[in-house]
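This is a predicted model, so every value here is computed, not measured. When a ligand or atom number is given, it counts from 1 through the structure's own listing order.
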Amino acid sequence: MNSSTANTDKTRITIAYGDGIGPSIMQATLRVLEAAGARIEAEVIEIGEQVYLRGNPNGIANSAWDSLRSTRVFLKAPITTPQGSGYKSLNVSTRKALGLYANVRPCVAYAPFVPTRHPTMDVVIVRENEEDLYAGIEHRQTEEVYQCLKLITRPGCERIVRYAFEYARQQNRKRVTCFVKDNIMKMTDGLFHQVFNEIGAQYPDIARDSMIVDIGAARLADTPERFDVIVMPNLYGDILSDVAAQIAGSVGMAGSANIGDQCAMFEAIHGSAPDLAGQDIANPSGLLHGAIQMLLHIGQADVAVRIHNAWLRTLEEGLHTADIYREGLSFQKLGTQAFADAVIARLGKMPEILKPASYENSGPLTLPPVVRQKPKKKELVGVDVFLQWNGGLPEQLGQSLKPHAAAQLPLQLITNRGVKVWPQGFPETFCVDHWRCRFKTPAELVSFEDVLALQVRLHEAGFDVVKTENLYNFDGEPGFAAVHG
Ligand code: NAD
């Protein structure tokens with residue numbers, strides 16, 4: 001990956017001051033970067049709350065995209081997304097528009113200088129950044145039911161899992177763990193898990209294991225020192241990286257790198273903390289860590305090491321912002337800018353107790369392109385028709401649907417919120433107004449015309465068809481979840 005350079009030694013980057021505590025922690029971070037001799041030339045763009053409130057639902061002007069696509073390196077302070085359905089999350093759209101598929105979030109304890117119950121914790125969360133429930137495809141389908149589509153793709157899984165193993169190898173880490181919920185989401189999380197096993201097998205030098213995300217999260221919160229690198233789909237990674245940062249010491253300390261093939265964005269993992277805005281008390285360390293990751297990415301490991309070691313030394317001397325300040329442990333409580341001054345004053349010094357920063361192996365990873373799989377034989381074998389129906393008991397729905405089914409598309413079953421209610425459902429099952437009616441035979445293939453004709457018949461009979469999902473086999477394997485019960 002190349003970032004553009006303005007002259008022989010300065011790398012152009014794009015920066016945004018953000019909202020809430022953003023401007024203050026960005027100012028502190030830039031002062032440290034400048035004092036440490038970072039060879040950067042920053043272009044400022046405006047994003048966030050003011051842009052949204054001027055009527056731009058994306059929170060970013062078109063001219064700002066030009067800067068991002070030209071520099072391809074973005075150091076971003078947190079922004080506030082106004083409440084309300086009209087505003088799109090700028091963070092999500094930036095990650096997706098620029099193809100920043102890997103979100104790397106190191107969460108490290110700095111005991112005994114920063115209080116934590118997990119003094120040896122050193123975990124890196126590699127979060128998939130573009131897919132999952134963050135596709136933003138949501139629909140209200142009936143009076144009572146809303147839906148959010150969870151999209152997991154094979155290329156998406158392959159890219160993030162490969163990134164996690166390549167990162168582990170580059171950083172000399174020993175184990176990659178995968179968190180999924182494939183006991184429930186057998187197809188989507190099941191694919192993530194399967195790809196983890198396939199790609200992990202190509203890295204015999206790195207141990208691997210996987211956990212169901214609920215017990216994985218419990219163990220991460222209880223004994224994070226047992227983990228090394230953890231790779232997860234988007235939502236679990238979003239939640240658990242905040243948990244990991246907080247138990248390491250403070251959510252205000254962890255940085256985040258969002259990496260794509262063409263561009264990269266660096267930020268703190270926390271948000272704009274409006275409760276702390278304008279008071280000069282926020283910890284700038286999260287954004288500073290994002291900036292350190294940026295320096296490594298643009299080939300300035302010398303500056304990154306200098307800043308990191310000065311920062312470690314500042315912590316060791318008990319110079320702490322309010323979020324990590326503890327009476328008796330800390331020496332002095334500092335505001336945001338004073339903390340930056342303390343780091344600047346220690347540039348060139350090394351920590352005496354904490355492990356010094358070492359970035360011998362750093363810089364962008366070069367991943368092989370994803371090889372698309374050979375297409376499988378795809379056959380239409382039925383259809384799930386989703387209805388809004390307020391008519392009464394499942395048995396009545398089953399009986400009134402049956403006459404409209406065709407010989408090659410008989411009504412096989414009906415579920416409500418995924419539970420089979422016909423035939424032979426339980427009277428105890430609570431039902432809403434959203435019914436999934438599966439039309440298929442075990443043996444026959446059907447045509448798309450059969451499916452369309454079925455919908456027309458149902459519509460003409462007065463049924464409210466809210467959506468359909470075609471049922472396909474791929475090389476004879478069902479491409480849809482079985483219904484139990
Ligand atoms: P938040 O992360 O902004 O803050 C939660 C709490 O964590 C704060 O109240 C504060 O006590 C603490 N905290 C956070 N950063 C800190 C720091 N640097 N120093 C000390 N303490 C710190 O989460 P929130 O309050 O849920 O969200 C506020 C806004 O931030 C929302 O509008 C949200 O959409 C936005 N947000 C933005 C980003 C981003 O830009 N990347 C990420 C998350 C949330």
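- A donor atom on one side chain and an acceptor atom on the other are not found under 3.5 Å apart for Thr81 and Ser89.
- Within a 4.0 Å radius of atom 18 (N) of ligand 1, the protein contributes one or more non-hydrogen atoms.
- Around atom 31 (C) of ligand 1, the closest heavy atom drawn from Gly271, Gly59, Ser256, Ser272 belongs to Ser272.
- Of all protein heavy atoms, the one lying nearest to atom 41 (N) of ligand 1 is Glu267 OE1, 3.3 Å.
- No heavy atom of Met253 sits closer than 4.0 Å to any atom of ligand 1.
- Atom 35 (C) of ligand 1 has its nearest heavy-atom neighbour, among Ile79, Thr80, Thr81, Thr321, in Ile79.
- A donor-acceptor pair is defined here as one N or O able to donate and one able to accept, closer than 3.5 Å; such a pair exists between the side chain of Arg140 and the backbone of Thr142.
- For atom 9 (O) of ligand 1, the closest non-hydrogen atom on the protein side is Asp275 OD2, 2.7 Å.
- In this structure, atom 26 (O) of ligand 1 has no protein heavy-atom contact shorter than 4.0 Å.
- Within a 6.0 Å radius of CG in Asp275, more than 12 heavy atoms belonging to other residues, nucleotides or ligands are found.
- Only the side chain of Leu276 comes within 4.0 Å of ligand 1, counting heavy atoms alone; its backbone N, CA, C and O stay farther away.
- Counting protein heavy atoms under 4.0 angstrom from atom 5 (C) of ligand 1 gives zero.
- Side chain of Arg105 to backbone of Leu240: no donor-acceptor contact under 3.5 angstrom is found.
- Counting heavy atoms only, Asn91 comes closest to atom 39 (C) of ligand 1 of the residues Asn91, Leu287, Ile21, Val251.
- Near Asp323, meaning under 4.0 Å from any of its heavy atoms, are these atoms of ligand 1: 20 (C).
- Between Phe386 and His434, the two ring planes are tilted [angle within 30° to 60°].
- At a heavy-atom cutoff of 4.0 Å, ligand 1 is contacted by the side chain of Pro274 but not by its backbone.
- Contacts between Asn283 and ligand 1 below 4.0 angstrom, taking non-hydrogen atoms only, involve backbone and side chain alike.
- Of the N and O atoms on the side chains of Thr429 and Arg417, not one donor lies less than 3.5 Å from an acceptor on the other residue.
- Looking at Glu131, Glu128, Glu130 one by one, the single match for side-chain hydrogen bond (donor to acceptor under 3.5 Å, both in side chains) with Thr153 turns out to be Glu131.
- Considering only non-hydrogen protein atoms, atom 3 (O) of ligand 1 sits nearest to Ala273 N, 2.7 Å.
- By the 30° and 60° cut-offs, the orientation of the rings of Tyr167 relative to Tyr163 is parallel.
- In this pair, Tyr87 and Tyr52 present their aromatic rings perpendicular. The plane angle is above 60°, beyond the 30 to 60° band.
- Per-residue contacts place Lys76 under 4.0 angstrom from the following atoms of ligand 1 (heavy atoms of the residue considered): 39 (C), 40 (O), 41 (N).
- Residues Tyr101 and Asp261 have side chains in contact (heavy-atom distance under 4.5 Å, counting atoms from C-beta outward).
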